[in-house]
Every structure is written in C-alpha cells, then in structure tokens.
> 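Before I ask anything, here is the structure I am working with.
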Amino acid sequence: MRQNPKAMMVIVAAAALIAVSGCGSPGTDGYGASSSPPSGASSSAPQSGTATITITITIKDFGYQGPVSVSPGAKITVKNQDAQAHTVTSDDGKAFDAAADGGGGTATFTAPTTPGSYPYHCAYHSNMHGTLVVK
Ligand SMILES: [Cu+2]
C-alpha cells in the first residue's frame, strides 16, 4: 500500500482555509462559543472502524471548537492551534484538566463517566470558556 499524497494536500488545504477564515479577532473579547457557526464542521467527523472513537477539541483564536456532547468516558484529544499554551480545565477542578502547548501542542483526557454538563475554562485565560456535555 502506498501513501496517497492527495490526502495530505487536502489536509493542508483545509488547515489553511481554517487559518484564513479564523482571522480578525483579537481573541480577548470573550465572544461566546454558544452560537458557533457551522462552517467547517463537516470536516471533523472521525473515520473509525473500531469501537474507539476519538473526539477532538480544537483551540484556536482563544476559543474552543469541538463537540459539546460526548459519551461517558470518551477519549478526548485537545489540539492547540494558537501560539499560546491553553488548557481544558473543568470548572470544578476535578473532572478533567488537560494542558496543550502552543504551536500545535496536543493533550488528551478522558471524559467523566457520569452524565452531566461540565463547564470548563482555560487556566491561563479566564475569558475562555466551553461546556462538555456527557450523555
Ligand atoms: Cu488559554
């Protein structure tokens, strides 16, 4: 099996598109993610033939982009596309806490096994907020 160079081209093009469309925000206005636009959402569907589903929360422009609801105990990957380090820290300080370095750093954590709504924030930037719903 040879690797398909076209696949990489698509990924690069998609990343560039996201980078361009994401500009224009100083990142400190605290604009909420509760009404996030649907643009680009179709490209985040994981392709998996196994029982393991990888869920990704992407951090960009001081905001969280990702699914709001996950299965109990789901494995979640955090991808940080900002230059600054960010965290995904549950507001209760116990449910989860993942830190991702800036410049493409990643981190992983496991979603709570108890269904519920888990608000989270960035430990470094108090204006960054998101909510993870486990159901
Ligand atoms: Cu941050």
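Order of listing sets the numbers, starting from 1, for every ligand and every atom in it. Bear in mind the structure is a predicted one, so any value in this text is a computation, not a measurement.
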> Take the Cu ion (ligand 1) and tell me which protein N, O or S atoms are nearer than 2.8 Å.
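Result, waters dropped: His86 ND1, Cys122 SG, His125 ND1.
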> Side-chain polar contacts of residues 112-126 - donor-acceptor pairs under 3.5 angstrom, sequence neighbours left out - could you list them?
from	atom 1	to	atom 2	distance (Å)
Tyr118	OH	Thr114	O	2.6
His121	ND1	Thr89	O	3.2
His121	ND1	Asp91	OD1	2.6
His125	ND1	His86	ND1	3.1

> Listed by chain and number, what are the side chain to side chain donor-acceptor pair (under 3.5 Å) partners of Ser90, not counting sequence neighbours?
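Asp92.
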> Could you list the residues that satisfy side chain to side chain contact (heavy atoms under 4.5 Å, CB included) with Thr110, not counting sequence neighbours?
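Thr110 satisfies side chain to side chain contact (heavy atoms under 4.5 Å, CB included) with Lys75 once adjacent residues are dropped.
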> Side chains of Val134 and Val70: does their closest heavy-atom pair fall under 4.5 Å?
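Answer yes - side chains close enough.
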> Give me the atom names and distance for the closest heavy-atom approach of Pro67 to Leu132.
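It is O-CD1, 4.3 Å.
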> Is Asp82 reaching over with its side chain to a backbone N or O of Phe62, donor-acceptor style, under 3.5 angstrom?
yes
